[in-house]
Amino acid sequence: MNELERCLPKRWTEKEDQTLYEEARCQMSTGEIKDGNRIGAKLPGRINEDCRKRWINKVCGLLKKGAWEPDEDQRLHDAICIHGQKYMAERVTK
């Protein structure tokens, strides 16, 4: 593998997505996904971090993109009223 190949991210194939889905669902049947290394071992060239990101951002389908629903805005507003903006302020200043 040359230096350029190491720098470019490798595209995920449908077969890799299917393997990731099957392995993650198998672990979820026992509660939660705990062994990312086992999943990564089933996908040569991928590490557990790659698998986690792909699962969250693409495969599991729970990540919602786009505008917030009115009830989500209200829940955020209510949480800020209760807890304040301390968490956000700490994150922005770091």
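Values reported hereafter were calculated over all heavy atoms of this structure, with side chains retained and with hydrogens, waters and symmetry mates removed. Position 1 is the first residue of the sequence, and the numbers go up from there.
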Nearest 0.5 angstrom please: Ile80 CD1 to His83 NE2, how far?
10.5 Å
So NZ of Lys42 and SG of Cys26: to nearest 0.5 Å the spacing works out to 8.5 Å
Nearest 0.5 Å, what's the NZ-CG distance between Lys10 and Leu43?
8.0 Å
Any chance you could measure Arg54, atom CZ, to Asp50, atom CG, to the nearest 0.5 Å?
10.5 Å
For Gln27 versus Arg38, what's the shortest heavy-atom pair and its separation?
CG-NH2, 3.3 Å
Output for pair (Asp71 CG, Asp78 CG), nearest 0.5 Å, gives 10.5 Å
In Å, rounded to the nearest 0.5 Å, how long is the span from NZ of Lys15 to CG of Leu20?
13.5 Å
Between Glu22 and Gln18, does any side-chain donor sit less than 3.5 Å from a side-chain acceptor?
yes
Contact check, side chains of Ile39 and Asn48, non-hydrogen atoms, under 4.5 Å:
no
So Cys51 and Trp12, side chain to side chain contact (heavy atoms under 4.5 Å, CB included) or not? Walk me through it.
CA-CA 10 Å; Cys51 296; Trp12 283 78; 4.2 Å; yes
Count I, L, V, M, F, W, Y as connected when their side-chain heavy atoms are under 4.5 Å apart, and connections chain through other members. Are Ile47 and Trp55 then in the same cluster?
no
May I ask you to check whether over 12 heavy atoms, not counting those of Glu49, lie within 6.0 Å of atom CD?
yes
